[in-house]
Q: 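Below is the structure I would like to discuss, written out as structure tokens.
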Amino acid sequence: MRELTLLESGYLVGGLILCLVLPLLMSFRAPQNGATRRSCLQIVWSGQTLLALSGLFVLASAPLAPYAAAFGLMSCIVCAFLLLRQCQTARAA
């Protein structure tokens with residue numbers, strides 16, 4: 001395993017902090033309907049998986065680290081938006 005630079009370590013720390021966003025959003029805005037709740041959980045797990053993959057790419061390659069971190073950030077933002085929209089439509093129904 002190679003040594004990480006301070007910037008790459010920052011990418012991993014940022015990814016770890018972002019890993020908390022989706023589960024916390026789910027716990028605060030969880031719908032009561034079982035089918036909708038499963039759909040929301042699927043969004044959370046997809047976002048967590050994409051963040052984990054971006055973390056692995058940060059560890060694997062120094063030139064790809066900034067792109068992997070940006071991909072992880074964008075995937076977390078998109079999944080959070082989808083999760084909020086799903087919870088909002090579940091509350092409206």
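The basis for the numbers below is simple: all heavy atoms, side chains too, and nothing from hydrogens, waters or symmetry mates.
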Q: Compare every heavy atom of V58 with every heavy atom of A69, then report the nearest pair and how far apart it is.
A: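 Nearest pair, atom of A69 first, then V58: N-CG2, 4.2 Å.
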Q: When rounded to the nearest 0.5 angstrom, what distance separates OG in S54 from CG in L18?
A: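 Spacing of OG (S54) from CG (L18) equals 8.5 Å.
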Q: Tell me the closest heavy-atom pair linking I43 and C79, and the distance in Å.
A: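 Nearest pair, atom of I43 first, then C79: CG2-O, 3.5 Å.
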Q: Cluster question for you: counting only ILVMFWY and a side-chain heavy-atom cut-off of under 4.5 Å, with indirect links fine, are L51 and L84 together?
A: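 In one cluster with L51: L84, yes.
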Q: About how many Å separate OG of S39 and CG of L83, when rounded to the nearest 0.5 Å?
A: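 Taking CG in L83 and OG in S39, the distance rounds to 9.0 Å.
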Q: Show, in sequence, the C-alpha distance, side-chain angles and deciding distance for V44 and C40, and conclude whether the side-chain contact (heavy atoms from CB on, under 4.5 Å) test is met.
A: CA-CA 6 Å; V44 170; C40 290; 5.7 Å; no
Q: Do the side chain of T36 and the main chain of N33 share a donor and acceptor less than 3.5 angstrom apart?
A: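 No; zero donor-acceptor contacts below 3.5 Å.
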Q: Linking I/L/V/M/F/W/Y whenever their side-chain heavy atoms sit closer than 4.5 Å, directly or via other members, would M74 and Y67 fall into one cluster?
A: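 In one cluster with M74: Y67, no.
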Q: Is Q48 reaching over with its side chain to a backbone N or O of C19, donor-acceptor style, under 3.5 angstrom?
A: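 It does hold such a pair.
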Q: If hydrophobic clusters are built by linking Ile, Leu, Val, Met, Phe, Trp and Tyr wherever their side-chain heavy atoms come under 4.5 Å apart, do L25 and V78 end up in the same one?
A: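 They do share one cluster, since a chain of ILVMFWY contacts under 4.5 Å joins L25 to V78.
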Q: Hey, what do you get for CD (Q86) to CD (Q42), rounding to the nearest 0.5 Å?
A: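 Rounded to the nearest 0.5 Å, the CD-CD separation comes to 9.5 Å.
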Q: Looking only at heavy atoms, what is the nearest atom pair of C76 and V21, with distance?
A: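 Heavy-atom minimum between the residues: SG-CB, 4.2 Å.
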Q: To the nearest 0.5 Å, tell me how far Y11 OH sits from F57 CZ.
A: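 Answer rounded to 0.5 Å: 16.0 Å.
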Q: How many angstroms lie between atom CE of M26 and atom CG of L41, to the nearest 0.5 angstrom?
A: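 Result: 4.0 Å between the selected atoms.
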Q: Applying a strict under-4.5 Å side-chain criterion to I, L, V, M, F, W and Y, I'd like to know whether L50 and L56 cluster together.
A: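 No, separate clusters.
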Q: Are L7 and L73 connected, step by step, through hydrophobic side chains (Ile, Leu, Val, Met, Phe, Trp, Tyr) whose heavy atoms are closer than 4.5 Å?
A: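 Result: no, two separate clusters.
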Q: Contact between L12 and L59 at the side-chain level, heavy atoms closer than 4.5 Å - yes or no?
A: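 SC-SC contact between L12 and L59 confirmed.
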Q: In Å, rounded to the nearest 0.5 Å, how long is the span from CZ of F71 to CG of L64?
A: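 Separation between the atoms: 12.5 Å.
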Q: Where is the tightest heavy-atom contact between E3 and E8, given as atom of each residue plus distance?
A: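 That closest heavy-atom pairing would be O-OE1, 4.2 Å.
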